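Structure first, commentary second.
Remember, it's 1-based here, ligands and their atoms both numbered in the order they're listed. All of these numbers come straight from a predicted model, not from anything done at the bench. These numbers come from the heavy atoms of this one structure, side chains and all, not from hydrogens, waters or symmetry mates.
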Amino acid sequence: MKKPKFQAPTGMHDILPEEQKYFQKIYETVSDIVSFYGFKKIDTPILEEAELFSKGIGLSTDIVEKQMYTLKTKGGDFLALRPEFTAGIVRAYIEHGMFTLPQPLKLYTFGPVFRAERPQAGRYRQFHQFDLEVFGEGSAVIDAQIIQICYNILQDLKFKDVIVEVNSIGDSQCRPYYKKLLVNYLKSHQAALCTNCRRRLRESPLRVLDCKEEKCQRVVARAPQIIDHLCQECNNHFKEVLEFLDALELPYHLNPYLVRGLDYYTKTVFEIFEEDSLEEKHIALLGGGRFDMLVKLLGGKDTPVCGVAGGVERIIEGMRARAVRFPRSSSPQVFLAQIGTLAKRRSLKLFEDFRKAKIGMIESFGRDSLKAQLGRAQKSEVKYTLILGQKEALEETVIIRDMDTGRQRTVKLDKIVGEMKRKLKIKK
Ligand code: HAM
């Protein structure tokens with residue numbers, strides 16, 4: 001087939017009607033679970049000042065250096081399409097003085113984010129995240145609880161074998177010393193590193209630790225590890241996180257090379273994978289951690305925060321792979337077929353009665369042939385079809401057809417909504 005003249009931009013996708021159910025399912029699951037834990041929803045603009053991200057995420061990160069979509073407005077503002085939610089939510093927290101609200105303040109959101117990455121499997125330029133942030137609580141119990149919430153979300157979405165990779169990357173007390181140790185070690189093995197890592201060595205040496213190149217991994221395997229160089233406070237915090245995870249019986253791996261691609265983290269960092277994807281693909285479903293310095297860095301009060309974001313498209317890929325089914329009740333269960341002008345007129349009113357009664361109904365008012373309408377009803381996999389012909393319209397009755405058995409029964413038109421509620425076991 002010839003390519004159409006216009007196509008969606010590279011790495012960006014339409015979400016077609018048949019894919020919407022996955023997004024809806026994920027958003028509903030996230031909202032239900034996080035509401036139980038006391039999270040409140042927030043929405044922030046898709047565009048923010050570009051400087052918010054360069055300052056927040058870090059100038060030398062791949063996200064800021066290579067992947068931000070930026071634009072200059074006619075008024076001279078320099079804006080960026082958000083590459084993630086965290087910096088924008090922190091900006092909103094400061095701007096609206098949310099530190100005066102009872103803490104911890106738990107916020108969540110979801111929507112599209114944008115990163116100009118090289119498109120490949122599981123990596124898109126417009127993708128969707130759900131994001132959770134807990135402000136104003138420095139205790140390790142929050143880190144563990146956030147991991148538990150992620151785990152619950154994935155369990156509800158039918159992911160069985162997920163594994164949490166966790167590490168601590170220290171804070172401003174202990175990380176500078178560790179960085180020095182690491183740089184000294186890496187410098188002495190510079191020749192054995194890939195070109196990317198030789199550059200990283202100058203700009204963000206910690207990122208050498210999670211390079212996927214085999215030759216770099218060989219060097220890294222003998223590098224000093226940050227967990228051996230944490231200060232007392234970070235060490236205690238990390239120990240507590242692991243103890244809480246043990247108490248919750250959550251499966252985790254300690255990954256001393258996990259450093260994450262954003263600069264704002266302090267102490268705990270973690271990523272969640274499907275266990276069997278770890279070896280070959282190493283594509284995280286969710287990633288997050290603690291960032292106790294960011295609120296202050298962006299102009300607010302000293303506020304500890306911990307959060308996470310999940311990649312919606314990646315989770316959907318996992319749901320598709322395990323053919324997660326959606327209950328029939330979420331789609332309409334009744335089809336309305338009509339023949340003749342009077343029946344069509346009655347049907348319009350009947351359709352409204354069903355809408356008010358919140359019973360999902362499909363119609364095909366544009367079609368006149370009963371055969372075509374019944375064919376459509378069959379395809380829509382409804383449980384019942386209501387048939388309103390000339391005779392029924394005159395007698396103010398309607399036929400109920402059970403699509404599984406083919407049995408039919410005639411009911412008075414003014415009784416049909418109540419009758420269908422009974423049949424579909426919908427409470428009044
Ligand atoms: P992140 O690890 O950059 O963290 O992204 C979180 C998740 O978004 C990843 O685990 C992945 O599932 C998904 N993701 C990332 N890039 C892509 C892509 N190009 N295509 C498809 N999916 C992708 C953050 O964004 C942090 N803001 C998380 C956080 C919140 N930390 C604290 N609070």
Any heavy atom of Glu313 sitting closer than 4.0 Å to ligand 1?
no
Would you say Asn167 and Tyr257 are linked by a side-chain donor-acceptor pair, where the criterion is simply a distance under 3.5 Å?
no
Is there a side-chain contact between Leu297 and Tyr264, using heavy atoms and a 4.5 Å cut-off?
no
Looking only at protein heavy atoms, identify the closest one to atom 8 (O) of ligand 1 and say how far it is in Å.
Gln129 NE2, 3.1 Å
Starting from atom 19 (N) of ligand 1, find the nearest protein heavy-atom neighbour and note its residue, name and distance.
Glu117 OE2, 2.6 Å
If you draw the axis of the six-membered ring of Phe335, does the NZ or CZ of Arg376 fall within 45° of it and under 6.0 Å from the ring centre?
no
Top protein contact for atom 21 (C) of ligand 1, by heavy-atom distance
Gly122 O, 3.3 Å
Under 4.0 Å from ligand 1, counting heavy atoms only, is it the side chain of Phe127, its backbone, both or neither?
side chain
Does ligand 1 come near enough to Val308 that some N or O of the ligand is less than 3.5 Å from an N or O of the residue?
yes
I'd like to know if Tyr124 contacts ligand 1, where contact means a heavy-atom distance under 4.0 Å to any ligand atom.
yes
Decide whether Gln126 and His13 meet the rule of one side-chain donor and one side-chain acceptor closer than 3.5 Å.
no
N or O pair under 3.5 Å between Thr86 and ligand 1:
yes
Will you find, in the side chains of Thr268 and Asp143, an N or O donor that is under 3.5 Å from an N or O acceptor?
yes
From atom 31 (N) of ligand 1, work out which of Phe291, Tyr265, Phe114 has a heavy atom at the shortest distance.
Tyr265
Nearest-neighbour protein heavy atom for atom 26 (C) of ligand 1, which is reported as residue plus atom name and distance
Tyr264 OH, 3.4 Å
Which residue and atom name correspond to the protein heavy atom nearest atom 27 (N) of ligand 1, and how close is it?
Glu84 OE1, 2.5 Å
Distance-only donor-acceptor check, side chains Asn152 and Gln148, under 3.5 Å:
yes
Tell me whether Ala284 has any N or O atom under 3.5 angstrom from an N or O of ligand 1.
yes
Please state which protein non-hydrogen atom is closest to atom 1 (P) of ligand 1 and give its distance, to 0.1 Å?
Arg260 NH2, 3.6 Å
Could you check whether Lys301 makes a cation-pi contact with Tyr93, meaning its NZ or CZ is under 6.0 Å from the centre of the six-membered ring and within 45° of the ring axis?
no
Determine whether the side chain, the backbone, both or neither of Val113 has a heavy atom under 4.0 Å from any heavy atom of ligand 1.
neither
Can you tell me if Glu274 uses its side chain to pair, donor with acceptor, with the backbone of Ile315 under 3.5 Å?
no
Nearest non-hydrogen protein atom, atom 28 (C) of ligand 1:
Gly287 O, 3.4 Å
Within the 4.0 Å heavy-atom cut-off, what Leu285 brings close to ligand 1 is backbone
Location of contacts on Arg314 toward ligand 1, heavy atoms closer than 4.0 Å
side chain
So do Val312 and Phe110 actually touch side chain to side chain, heavy atoms under 4.5 Å?
no
Under a 4.5 Å cut-off applied to non-hydrogen side-chain atoms, are Phe354 and Met420 in contact?
yes
Side chain, backbone, both or neither: Phe130 near ligand 1, heavy atoms under 4.0 Å:
neither
Among all protein heavy atoms, pick the one closest to atom 13 (C) of ligand 1 and tell me residue, atom and distance.
Gly311 CA, 3.5 Å
